[in-house]
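Just below is one structure, and these are the notes that go with it.
Ligands are counted one by one from 1 in listed order, and the atoms in each one are counted from 1 as well.
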Amino acid sequence: MHVHRYEKIWLAFGIAMLAIFLVTITTAAVVEGFVPPSHVESIDPAKVSSTAPFDHPGLRKIKTGVYEAYYVGRIFAWEPRTLTIPAGARVTFFVTATDVVHGFSIPETGVNTMVSPGWVSTVSHTFAKAGTYLLLCNEYCGGGHQAMAASIVVR
Ligand code: CUA
C-alpha cells in the first residue's frame, strides 16, 4: 500500500500529539496528584455514615444568610430527602457517595457536580427565589437511577 509523504507526516503529527497528551495527563495525575477541581477532600466511602459531618447529613448555619448543606448519595437516594432553606441564603453543598458515581444536580440553578465514592464534591449557590427545587441524579448509577431524587424547599 502506498502512503503519500504528506499523509505520513500528518499521521506522525497525530501520533506525536497523542503521545504528548498522554505523557502530560499521566504526569499531572501521578506526579502532581491532579484531580478534578471540585474533588479536594477525601473520605473513606465505607465509613461515610460514621464520619462527621456526613453521619448527620443536612443543613448547618454558618452565619446569617450563609449555610452549608451535607449530602450523601447512595443507590438510589439522596440523604436528606428534603431540605428547607431560607430564601436568599448562600448554600455550599458538600456531597459524597458511598457506593458508585452519582450526579448531584439541581436544574435551573447551575448546581451540577459529579459525586464519586471517596471524595467530597463542593458547589455553591444562592437561592434567591422561593419555591420547591428538584434535586436529582444525572449520572446513570443503576436500575433505580431514575428514582434518585430529593427536594429542596426555599422559603
Ligand atoms: Cu444516582 Cu443515578
Practice prompt. Report yes or no: does His145 have an N/O/S atom closer than 2.8 Å to atom 1 (Cu) of ligand 1?
Written response: no
Worksheet entry | Heavy-atom pair of closest approach, residues Ala150 and Arg81 | CB-O, 3.1 Å
Item to complete: Tell me which N, O or S atom of Glu139 sits nearest to atom 2 (Cu) of ligand 1.
Response: O
Worksheet item: Relative to each other, are the rings of His2 and His4 parallel, tilted or perpendicular (30° and 60° limits)?
Response: perpendicular
Item to complete: Report, rounded to 10°, the angle at atom 1 (Cu) of ligand 1 between the two atoms SG (Cys137) and SD (Met148).
Response: 110°
Worksheet item: In Å, rounded to the nearest 0.5 Å, how long is the span from SG of Cys141 to CD of Gln146?
Response: 9.0 Å
Practice prompt. Could you tell me whether any N, O or S atom belonging to Tyr140 is less than 2.8 Å from atom 1 (Cu) of ligand 1?
Written response: no
Item to complete: Please report the C-alpha distance between Phe94 and Tyr71 in whole Å, then the side-chain angles of each, then the deciding distance to 0.1 Å, and finally whether the ring-ring contact (aromatic ring centres under 6.0 Å, His included) criterion is met.
Response: CA-CA 6 Å; Phe94 296 82; Tyr71 271 91; over 10 Å; no
Worksheet, complete the sentence: Here the N/O/S atom of His102 closest to atom 1 (Cu) of ligand 1 would be ND1
Worksheet item: Between Thr132 and Val153, is there a donor-acceptor pair closer than 3.5 Å when you use the side chain of the first and the backbone of the second?
Response: no
